[in-house]
2 protein chains.
Amino acid sequence: MAAEEGQVAVTVSNKQVIFNNYVSGFPKESDMSIVVGEINLKLPESAAGGLLLKNLYLSCDPYMRPRMRNSSGSYVGAFQPGSPLSGYGVAKVLESGHPNFEKGDLVWGSTGWEEYTVSTEPGQLFKIQHKDVPLSYYTGILGMPGMTAYVGLYELCSPKKGEYVYVSAASGAVGQLVGQFAKLAGCYVVGSAGSQEKVDLLKNKFGFDEAFNYKEEQDLAAALKRYFPQGIDIYFENVGGKMLDAVLGNMRLRGRIAVCGMISQYNLESPEGVHNLASLIMNRIRMEGFIVSDHYHLYPKYLEMVVPKIKEGEIVYVEDTAEGLDSAPAALVGLFYGRNVGKQVVKVADD
Amino acid sequence: MAAEEGQVAVTVSNKQVIFNNYVSGFPKESDMSIVVGEINLKLPESAAGGLLLKNLYLSCDPYMRPRMRNSSGSYVGAFQPGSPLSGYGVAKVLESGHPNFEKGDLVWGSTGWEEYTVSTEPGQLFKIQHKDVPLSYYTGILGMPGMTAYVGLYELCSPKKGEYVYVSAASGAVGQLVGQFAKLAGCYVVGSAGSQEKVDLLKNKFGFDEAFNYKEEQDLAAALKRYFPQGIDIYFENVGGKMLDAVLGNMRLRGRIAVCGMISQYNLESPEGVHNLASLIMNRIRMEGFIVSDHYHLYPKYLEMVVPKIKEGEIVYVEDTAEGLDSAPAALVGLFYGRNVGKQVVKVADD
Ligand SMILES: NC(=O)c1ccc[n+]([C@@H]2O[C@H](COP(=O)([O-])OP(=O)(O)OC[C@H]3O[C@@H](n4cnc5c(N)ncnc54)[C@H](OP(=O)(O)O)[C@@H]3O)[C@@H](O)[C@H]2O)c1
Ligand SMILES: NC(=O)c1ccc[n+]([C@@H]2O[C@H](COP(=O)([O-])OP(=O)(O)OC[C@H]3O[C@@H](n4cnc5c(N)ncnc54)[C@H](OP(=O)(O)O)[C@@H]3O)[C@@H](O)[C@H]2O)c1
């Protein structure tokens, strides 16, 4: 529907997080700027089949770092210098030009890092049906990271009761769920993370069998040998580099590695070398990369599994919420220093 | 059966290839010695359920190099300094203490690098049924390397008509078959090898669509881009190291890599680093290692497929035959310098 007849379109201020320019090395807050523009709260003619969105939550995700590079090195396009960043978020539909959505709907999916967004690709948005859970969960457990944990663990690795599972970046948006899902499958689960606080969370809140602070280990391979004297059946790879090498040296026969991400490599100009790949042969290992969006057709099935478990407290989810768009650049940069404890969300507006 | 009553056991000379000591760097002929001992042509009491074998052909295989290392780094045990090497071969049964075999049977499988071998593990031997093909083929196309090509390509990579297949070490025991099997599956096939002679073989004898000499390429990634402008669907990995990195940069969406071997790494004290593993994620690639002996239950099915094709000339096989046990050390060492053109066999005796 276009704006109702006779309704006067209001112009409001629209705060945005602008991507300044391509980044090398670690991203910095100064790679982004906060600007305040204006927006006419009416779907423009040029976006006829689209949606006008009010953003409520924005998601800080590691894959946004590769998008800061001027190259085809990422699985999604690079950010445009001078334009707002884009990413996953939760939003309210203010106006709809698309038959699948109507005013007042809540959606999650691709949106802009700003208060209001004109979405021209509503096909990339999911309508939120379950509203008796925190809305922010649609940036995490009920959104892209949740599906990532589900697909990577269950679809790629087929965990069996009694198998030994290792998760790196285990306290994060994806990792905390991988661990809990693996426990549900009857596995023995060990996670690593970068602080004592996170290690405690893993053991006490998420029910991992063991956890360790990888930053305090001189020899990662030896640490893994300590936690997995019998070897690792399933590795959920979030980190890459040295950690992958250490894991390869500790895999069990017929092990599986879901290659989800390699955050330790995202800020390097050239990636580190991984030396222990001969282990793939000796140990008959399958290593498989995936991109969650290829698997979104499984989302309804996932919701059916996970929503009841959230409500019954069988699965918990820890978020780290930054308040307001002004805090978004620091929140995003923080991922690469491990500052987030749990899923990093930015709260933009109340409703 | 023990030796027949009244039969006098003959003592004959038994030439052996002795493994001198653990090797570092490239193996040398002097890492092995030829010695001539004696053997009583009678199955000893201590090997009651075993076989007395006369070796006809011995197979030179790259995996024998890791067995020269004093470590658990190989998927089979290390050779014993002072004892003969062991490996795959074709042999005639001179005396059998095992119900599945009888005198006169031809077998292939695990045997010693010597003229006569007392086999205490007849379970590791296959009885040869098809004798109207060259017997030496049971060290190659009809033996372990044939099964390796079959399993790695068909079972792990499921080639589909029109897919783009790349094979490294393509003129060797395994590679020449991978290429021909991929052609049978309707794929476009490119191979690399280390000399012009081998490149010619690939194109003119084995029917590869294209082939190149990797030693003449400054930039392997650029060479692959030239031969696969659209990218590689299936990579049959024989080589590892820099070649794997170049391939990872040229894989297509949903590509598959059968990790068969990494011969370029076998003589290094520590393996090279592979840098482009992020490609697994972006391109949703599955990379899987395997050991052929896990799949020997498929051998009858394989024979059913391949024997008729050999007889009808639909598949050809090139061997490089060294004459006599004295030439075995040089033949084995030659693998690591690419001296073999086709499957490297050692002919030990006529029959
Ligand atoms: N394939 C896909 O479709 C897909 C989808 C979503 C996410 N991912 C990937 O999944 C991984 C986890 O994502 P997430 O959203 O759950 O992020 P997250 O874990 O919530 O946040 C990133 C965490 O990574 C850790 N980290 C940062 N730099 C590191 C380094 N150099 N070495 C080791 N750990 C480091 C930090 O925790 P510590 O304190 O523990 O260091 C940080 O908190 C990322 O690699 C991401 O790219 C892939
Ligand atoms: N997983 C298993 O169960 C299994 C079973 C059998 C074999 N394999 C592996 O399969 C591979 C091929 O074995 P094969 O029996 O067919 O051997 P092969 O190809 O007949 O002989 C080895 C060939 O490797 C090439 N080569 C040697 N050093 C190299 C280097 N540094 N870089 C690149 N190429 C090099 C040489 O050919 P060029 O002239 O082309 O350099 C040489 O002729 C090996 O890696 C082997 O370990 C694995």
Side-chain angles (χ1 to χ4, degrees), chain A residues 62-63 65-66 69 71-76 148 151-152 155-156 237-245 248-249 251 253-266 268-295, chain B residues 62-63 65-66 69 71-76 148 151-152 155-156 237-245 248-249 251 253-266 268-295:
Chain A
Y63 83 97
R65 173 63 188 85
R69 201 171 289 138
S71 81
S72 56
S74 173
Y75 41 88
V76 281
T148 301
V151 165
E155 298 291 313
L156 274 76
E237 165 67 303
N238 285 322
V239 156
K242 292 180 185 57
M243 184 60 90
L244 178 54
D245 248 342
L248 284 168
M251 289 296 289
L253 275 191
R254 278 169 265 285
R256 287 137 277 154
I257 301 177
V259 191
C260 173
M262 298 188 165
I263 194 170
S264 75
Q265 308 296 299
Y266 296 171
L268 306 178
E269 284 313 289
S270 59
E272 291 175 292
V274 171
H275 300 264
N276 292 331
L277 289 167
S279 165
L280 298 182
I281 306 173
M282 287 182 293
N283 295 312
R284 296 81 157 160
I285 289 164
R286 198 180 67 219
M287 192 166 164
E288 190 167 353
F290 72 104
I291 297 287
V292 60
S293 53
D294 292 348
H295 303 266
Chain B
Y63 83 97
R65 173 63 188 85
R69 201 171 288 138
S71 80
S72 57
S74 173
Y75 41 91
V76 280
T148 302
V151 165
E155 297 290 314
L156 274 75
E237 166 67 303
N238 285 321
V239 156
K242 291 179 185 58
M243 184 61 90
L244 178 54
D245 248 343
L248 284 168
M251 289 296 289
L253 275 191
R254 277 168 267 284
R256 286 139 277 154
I257 300 178
V259 191
C260 173
M262 298 189 165
I263 195 172
S264 75
Q265 308 296 298
Y266 296 170
L268 306 179
E269 284 314 289
S270 59
E272 292 175 291
V274 171
H275 300 264
N276 292 331
L277 288 167
S279 165
L280 298 182
I281 307 173
M282 286 183 294
N283 295 312
R284 293 83 155 160
I285 289 164
R286 199 180 67 220
M287 191 166 166
E288 191 167 352
F290 71 104
I291 297 288
V292 60
S293 52
D294 291 347
H295 303 264

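Letters A, B, ... mirror the listed sequences (proteins, then strands); counts begin at 1.
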Under 4.5 Å between any side-chain heavy atoms of Leu277(A) and Glu237(B), yes or no?
no

Among all residues two or more places apart in sequence or in another chain, which pass the side-chain hydrogen bond (donor to acceptor under 3.5 Å, both in side chains) test with Ser264(B)?
none

Checking heavy atoms, do the side chain of Ile257(B), its backbone, both or neither come under 4.5 Å from chain A?
neither

CG-CE distance between Leu280(B) and Met287(A), expressed to the nearest 0.5 angstrom:
5.0 Å

Could you have a look at Val274(A), Asp245(A), Asn283(A) and say which one has the most heavy-atom pairs with chain B under 4.5 angstrom?
Val274(A)

Which atoms of Arg256(A) are under 4.5 Å from chain B, going by heavy atoms: the side chain, the backbone, both sets, or neither?
neither

Sequence-distant partners of Gln265(A), side chain to side chain contact (heavy atoms under 4.5 Å, CB included), two or more places apart
Met262(A), Leu268(A), Pro271(A), Glu272(A)

Side chain, backbone, both or neither: which part of Leu156(A) has an atom under 4.5 Å from a heavy atom of chain B?
neither

